[in-house]
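Just so you know, these numbers use all the heavy atoms, side chains as well, and skip hydrogens, waters and symmetry mates. Residue numbering restarts at 1 for every chain, and letters A, B, ... go by the order of the sequence lines. Note that the structure is a prediction, hence the values are computed from the model and not measured.
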There are 2 protein chains.
Amino acid sequence: MATHELFHTIHQLSRELTKLINQTLQPFGLYSAQWAVLFVLKEEGSMSQSDLCEYLAVEAPPMTRTIQRLIKQDYVRYTQGADKRVKMIHLTEKAETAYPEWEQAVLSANEKLLAGMPDEKRIVMQTLLASWLGTLKGVSHE
Amino acid sequence: MATHELFHTIHQLSRELTKLINQTLQPFGLYSAQWAVLFVLKEEGSMSQSDLCEYLAVEAPPMTRTIQRLIKQDYVRYTQGADKRVKMIHLTEKAETAYPEWEQAVLSANEKLLAGMPDEKRIVMQTLLASWLGTLKGVSHE
DNA sequence: GTAAAATAGTTACCTGAGTAACTAATTGGG
DNA sequence: CCCAATTAGTTACTCAGGTAACTATTTTAC
């Protein structure tokens with residue numbers, strides 16, 4: 001039973017997807033981790049940094065770094081909430097303006113990545129993977 | 001069509017799997033990337049570094065680093081081939097001796113990671129993922 | 001037979017993510 | 001009310017992977 005093959009396939013897929021998304025974003029000076037944040041902020045509006053972490057299932061330190069880079073590029077800003085510990089993150093005008101172009105590039109890349117995969121298969125896969133991830137997250141908390 | 005959700009699930013799975021394998025290997029002072037190399041060398045015997053790269057679908061520089069760490073721990077050694085550019089990598093006695101213990105730990109971890117996943121589903125998933133990866137690798141070469 | 005192209009590995013530097021240890025602010029218990 | 005515990009975020013350091021540029025060999029082509 002070659003379980004390691006399954007794991008290896010998943011790692012490779014993850015790397016391959018990131019690589020191709022990064023290639024897509026390169027003309028805009030963005031990277032995949034930044035795009036994930038921009039995407040969530042566009043969907044959800046203003047969010048605290050820890051909410052972003054939870055949403056994207058990432059620890060706090062990588063999020064700090066990603067946001068600092070986005071701030072440097074003036075795509076994101078924060079405002080202090082009533083709770084002075086919290087940084088509420090939101091998109092800048094500059095990001096809102098550029099967003100549609102980014103989105104179109106990413107959407108068309110996604111399409112290419114899934115070309116030749118019938119919706120039916122995609123949904124089966126997504127369902128299986130999501131349920132597996134769910135049980136895994138349980139395992140690690142024991 | 002939430003394709004980003006599928007991608008996000010795969011990234012998370014990849015990270016979660018690595019995390020749990022690293023936890024399993026920690027008592028032995030090993031990391032997942034090192035284990036992958038040790039496993040292949042055990043299966044295949046002596047291999048050149050570039051063959052290892054190809055087999056594990058990893059670029060040369062990470063492989064150099066992983067092997068250098070394994071050499072430092074005296075789990076691996078290289079001998080120069082007829083072609084002086086090539087380094088043939090092989091396990092040391094020390095690694096051969098310790099291997100069964102490592103293997104058992106990893107196998108039992110793998111079982112835990114797949115607990116609750118019927119073989120049938122696992123195979124469907126593996127098949128879908130592998131065929132997707134295959135087409136993806138084609139896309140990036142265009 | 002030698003100069004150019006290809007190949008194996010390394011070095012330097014980058015993204016992405018993790019843990020541990022820290023600071024600053026807030027909440028709760030006595 | 002005030003001190004302890006918790007929470008939000010940062011800093012420092014690590015692993016895993018990637019690209020670009022390099023060295024040292026080996027092939028290939030002329």
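Annotation: side chain of E103(B) is not in contact with side chain of K42(B) (no heavy-atom distance under 4.5 Å).
Remark: Q26(B) pairs with no residue by the side-chain contact (heavy atoms from CB on, under 4.5 Å) rule, at least two apart or across chains. Every residue two or more places apart in sequence or in another chain that forms a side-chain contact (heavy atoms from CB on, under 4.5 Å) with Q68(B) is listed here: T64(B). Partners of Q126(A) by side-chain contact (heavy atoms from CB on, under 4.5 Å), not counting sequence neighbours, listed by chain and number: R122(A), E5(B), L6(B).
Pairs of residues two or more places apart, or lying in two chains, that qualify as ring pair (Phe, Tyr, Trp, His ring centres under 6.0 Å) and include a residue from residues 69-88 of chain B are Y75(B)-W102(B). Within the structure, no pair that satisfies the ring pair (Phe, Tyr, Trp, His ring centres under 6.0 Å) test touches residues 42-67 of chain B, not counting sequence neighbours. Applying the ring pair (Phe, Tyr, Trp, His ring centres under 6.0 Å) test to pairs two or more places apart or on separate chains, none has a residue in residues 106-137 of chain A. Among residue pairs with one or both ends in residues 70-79 of chain B, those qualifying as salt bridge (charged side-chain N to carboxylate O under 4.0 Å, His left out) are D74(B)-R77(B); sequence neighbours excluded.
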Scan the side chains in residues 81-88 of chain B for donor-acceptor partners under 3.5 Å anywhere in the protein, sequence neighbours excluded, and list what turns up.
| from | atom 1 | to | atom 2 | distance (Å) |
| --- | --- | --- | --- | --- |
| D83(B) | OD1 | R85(B) | N | 2.9 |
| D83(B) | OD1 | R85(B) | NE | 3.1 |
| D83(B) | OD2 | R85(B) | NE | 3.4 |
| D83(B) | OD2 | R85(B) | NH2 | 2.7 |

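Looking at heavy-atom distances under 4.0 Å, Q68(B) makes contact with sugar-phosphate atoms alone, never a base. Base contact: T64(B) has a heavy atom under 4.0 Å from a base atom.
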Taking only nitrogen or oxygen atoms into account, show me every contact under 3.5 Å that the protein makes with nucleotides 22-26 of chain C, one pair per line with its distance.
| from | atom 1 | to | atom 2 | distance (Å) |
| --- | --- | --- | --- | --- |
| dT26(C) | OP1 | K84(A) | N | 2.8 |

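Put simply, CE on M63(B) is 16 Å from P on dT11(C), counting in whole angstrom units.
Taking Ile, Leu, Val, Met, Phe, Trp and Tyr as members and joining any whose side-chain heavy atoms lie under 4.5 Å apart, directly or through other members, Y31(B) forms no hydrophobic cluster with any other residue.
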(request) Mark up nucleotides 12-17 of chain C, 5' to 3', with B wherever a protein heavy atom is under 4.0 angstrom from a base atom, S wherever such an atom reaches only the sugar-phosphate, and - elsewhere. (result) BB-SSB
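With a cutoff of under 4.0 Å to any heavy atom of chain B, the contacted region of DNA chain D is bounded 5' to 3' by dC15(D) to dT26(D).
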